Amino acid sequence: MGRGPWDAGPSRRLLQLLLLLGLARGAAGAPGADGLDVCATCHEHATCQQRQGKKICICNYGFVGNGRTQCVDKNECQFGATVVCGNHTSCHNTPGGFYCICLEGYRATNNNKTFIPNDGTFCTDIDECEVSGLCRHGGRCVNTRGSFECYCMDGYLPRNGPEPFHPTTDATSCTEINCGNPPEMRHAILVGNHSSRLGGVARYVCQEGFESPGGKITSVCTEKGTWRESTLTCTEILTKINDVSVFNDTCVRWQINSGRINPKISYVISIKGQRLDPMESVHEETVNFTTDSRTPEVCLALYPGTNYTVNISTAPPRRSVPAVVGFQTAEDDLLEDNGRFNISIFNETCLKLNRRSRKVGSEHMYQFTVLGQRWYLANFSHATSFNFTTREQVPVVCLDLYPMTDYTVNVTLLRSPKLHSVQITIATPPAVKQIISNISGFNETCLRWRSIKTAEMEEMYLFHIWGQRWYQKEFAQEMTFNISSSSRDPEVCLDLRPGTNYNVSLRALSSELPVVISLTTQITEPPLPEVEFFTVHGGPLPRLRLRKAKEKNGPISSYQVLVLPLALQSTFSCDSEGASSFFSNASDADGYMAAELLAKDIPDDAMEIPIGDRLYYGEYYNAPLKRGNDYCIILRITSEWNKVRRHSCAVWAQVKEIPCNCNFLRLHIHRANSGDTQIRHSRCCRWRVLDWAPWLL
């Protein structure tokens, strides 16, 4: 066979071998047939790497392309912020990379403004309500996802807009509820002092001649700022007069039925008589009669042998259906009555005497013996006697009697062949005129007043006391009692609770109407804080467990944590108002306030406060305790009302030999010669090996 061009001896075979080596070296990254270096041709955003013996150009992280002529930025945000960065984020692309930002109302868990979520960082909601006063006066903050809302607290109403509202975008504000004047009730009178704030109660009593069958009438100030009117009303009392009958010739009795009966009812008895005697042909008279009996009876001064029509009705303001009875009195054939006469009550304290004699113009002498007592006063007695002479056949005698007294009156006809006596009882009503004047308060819980009455005459006074607290709506105190005094300037001190508004109704039992006065007691120290005392020697502090105190002596406004040098514990005054913040110009040796929490922010169960956690509580910085110092930590409760502040304090802990802040662990990874890893723990700046951890990378 002939030889080809590549089969010409050893020289040709050597040339072939050199050519193959050159091709192989070019494929491995050596300068190619054109003399270029592959790495030198890489794009500016590419890196030259050797893989399987070859050098190639690879686009850097964040870029895509062939590595040599093209490396284009990769837009990581194209899949959406939620996919790349997580919830509540915005994604921002950069050349060769990207970063994430939390939306408004959220913050990154690494506490940085930007982050890349490859370290587990995500966006969490910001609780804007941690800032006090965010919703302004009367507002209550409620946190929401990414924002917050404001509502008005109890006792306040939204003004200039609806709720919920946002203080930066809405004009709504919270104003304290004030209902103004209570509504007028028909046939009723507003009594006592009332509060116009939320929950305030206005009380009414029916006018004379009216009643409320359903019970007491009240109106309440509601959360809408308006009075809720009572469904009860005052209805007129209509007295029914039944079964009118005549007895003993000139006496009349009847029965009444008028539902709820007042202690006394006044009657008007109209008398009209006609007889054949030309000298006294007509007898017309009106008699007023008052009694508390359901079966009243009254004896009238009537002429003998006369036809009478008697009309009985109640006196205004009461109304009744009149009752009429007609009868004829017996004839008196005797010229003398043998000393017999009868008595009837006329105008409450007056008596009408009626002799049956036909003799006109003869003189009569009567002896009056009067004895009065009050059932509610054991030492009260009013006795008097006198003689009364008259020529009238039907005289009227008015007695000077004390109000609210039960009297027995004995009348004897003198200068008669036979002494004849008639006895009658009179119960005087309470005085219409007020006998209490110049009432005033002193020493916060005491009252004094002036009694307009006869000197050295004992009187009983009835007290009715109502107590309320605006800050403790479930609180209610009501007391009723009486005292007796013969002084014209009585004084009494009442058993009243602190921090309370009181209405005191005072009535003398002999008077018809009471007087009302308002008293306000000042607050006293709040209850001592309920804390468990600790003594700490060189160890970590426990958490301060804060319990909510009860508002027994006044409204609690705030809770405060004070840090003092231990040497100042014995001289510390709980009422001191000079506590400064940690960053003030005052010396650290004077102590400082580490936290202040408003009472409304304390939960009903309890909350814990770590001392020295570097957070702000109110306006005060909770600074870590300094090493080498001894401290006393005090919890103080403050009550404030009517421009008066009261405090109570309790020592929570005494701290000695303060260590460094051991609330934080410092974790270090160290690769030893053996290739293992160990964890070291810092405690007070001294390192110690806790454990070997070959399982950590």
Side-chain angles (χ1 to χ4, degrees), residues 132-133 135-140 152-157 159 173-180 192-201 221 225 439-448 465-477 493-504 516-529 548-562 572-581 584 593 595-602 617-620 634-650:
S132 61
C135 293
R136 299 192 290 267
H137 178 69
R140 173 174 59 88
C152 290
M153 297 188 298
D154 291 341
Y156 291 81
L157 285 176
R159 182 180 63 182
S173 61
C174 296
T175 181
E176 189 172 5
I177 292 177
N178 189 331
C179 291
N193 293 335
H194 60 274
S195 172
S196 299
R197 295 182 178 178
L198 178 64
V201 179
C221 180
I439 185 169
S440 62
F442 67 99
N443 290 348
E444 193 175 278
T445 62
C446 300
L447 293 177
R448 63 165 61 98
I465 302 173
W466 300 271
Q468 290 182 319
R469 292 172 174 172
W470 64 265
Y471 57 89
Q472 193 178 10
K473 294 180 175 55
E474 67 276 10
F475 175 88
Q477 183 184 12
C493 290
L494 308 173
D495 183 17
L496 305 182
R497 305 281 185 87
T500 308
N501 292 322
Y502 285 95
N503 284 334
V504 181
V516 179
I517 187 173
S518 297
L519 296 177
T520 299
T521 56
Q522 295 292 348
I523 61 175
T524 58
E525 287 75 14
L528 289 174
K548 198 167 188 176
K550 295 183 178 180
E551 297 179 315
K552 294 181 178 179
N553 304 325
I556 295 178
S557 56
S558 64
Y559 297 76
Q560 299 168 338
V561 179
L562 295 95
F572 173 72
S573 174
C574 187
D575 294 331
S576 173
E577 299 283 354
S580 59
S581 64
S584 66
M593 189 180 296
E596 181 179 47
L597 298 98
L598 299 180
K600 65 182 182 62
D601 298 329
I602 304 299
Y617 292 86
E619 299 178 356
Y620 298 95
I634 295 175
L635 178 60
R636 178 164 70 182
I637 300 179
T638 300
S639 287
E640 186 171 0
W641 190 45
N642 278 355
K643 299 180 181 180
V644 176
R645 292 170 64 92
R646 295 287 185 264
H647 310 278
S648 63
C649 296

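Keep in mind the model is a prediction, meaning the values are calculated, not measured.
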Can you tell me if CZ on Arg497 sees more than 12 non-hydrogen neighbours from other groups inside 6.0 Å? no
Count the heavy atoms belonging to other residues, nucleotides or ligands that lie under 6.0 Å from CG of Asp495, then report whether that count exceeds 12. no
Check whether any side-chain heavy atom of [X] sits under 4.5 Å from a side-chain heavy atom of [Y], and report yes or no.
| X | Y | value |
| --- | --- | --- |
| Pro529 | Ser648 | yes |
| Arg645 | Thr638 | yes |
| Leu519 | Ile465 | no |
| His647 | Glu577 | yes |
| Arg636 | Cys574 | yes |
| Trp641 | Trp470 | yes |
| Glu176 | Asn178 | no |
| Leu494 | Tyr502 | no |

Using modelled atom types only, decide if a donor and an acceptor are shared between the side chain of [X] and the backbone of [Y] within a distance under 3.5 Å.
| X | Y | value |
| --- | --- | --- |
| Tyr471 | Gly499 | yes |
| Glu444 | Gln522 | yes |
| Thr500 | Gln468 | no |

To the nearest 0.5 Å, tell me how far [X] [atom1] sits from [Y] [atom2].
| X | Y | atom1 | atom2 | value |
| --- | --- | --- | --- | --- |
| His137 | Tyr156 | NE2 | OH | 3.5 Å |
| Ile177 | Ser196 | CD1 | OG | 12.0 Å |
| Ser440 | Ile517 | OG | CD1 | 6.5 Å |
| Ile602 | Tyr559 | CD1 | OH | 6.5 Å |
| Glu596 | Asp601 | CD | CG | 10.5 Å |

For the cysteines Cys493 and Cys446, is the SG separation below 2.5 Å? yes
Can you give me the closest heavy-atom contact between [X] and [Y], atom names plus distance?
| X | Y | answer |
| --- | --- | --- |
| Pro526 | Ile637 | CG-O, 3.6 Å |
| Phe475 | Gly467 | CE2-O, 3.9 Å |
| Thr520 | Asn501 | OG1-OD1, 3.1 Å |

Lys548 meets the salt bridge (charged side-chain N to carboxylate O under 4.0 Å, His left out) criterion, sequence neighbours left out, with Asp604
With Asp154, which residues qualify under side-chain hydrogen bond (donor to acceptor under 3.5 Å, both in side chains), at least two apart? none
Criterion disulfide bond (SG atoms under 2.5 Å apart) on Cys152 and Cys174, from CA distance to verdict: CA-CA 6 Å; Cys152 290; Cys174 296; 2.1 Å; yes
Name each donor-acceptor pair under 3.5 Å that joins a side chain in residues 549-556 to protein atoms two or more places apart or in another chain, with its distance.
from, atom 1, to, atom 2, distance (Å)
Glu551, OE2, Ile556, N, 3.1
Asn553, ND2, Glu525, O, 2.8

Chi angles and distances behind the side chain to side chain contact (heavy atoms under 4.5 Å, CB included) call for Tyr620, Gln560: CA-CA 10 Å; Tyr620 298 95; Gln560 299 168 338; 5.9 Å; no
Taking it one step at a time, do Phe572 and Leu562 satisfy side chain to side chain contact (heavy atoms under 4.5 Å, CB included)? CA-CA 11 Å; Phe572 173 72; Leu562 295 95; 4.2 Å; yes
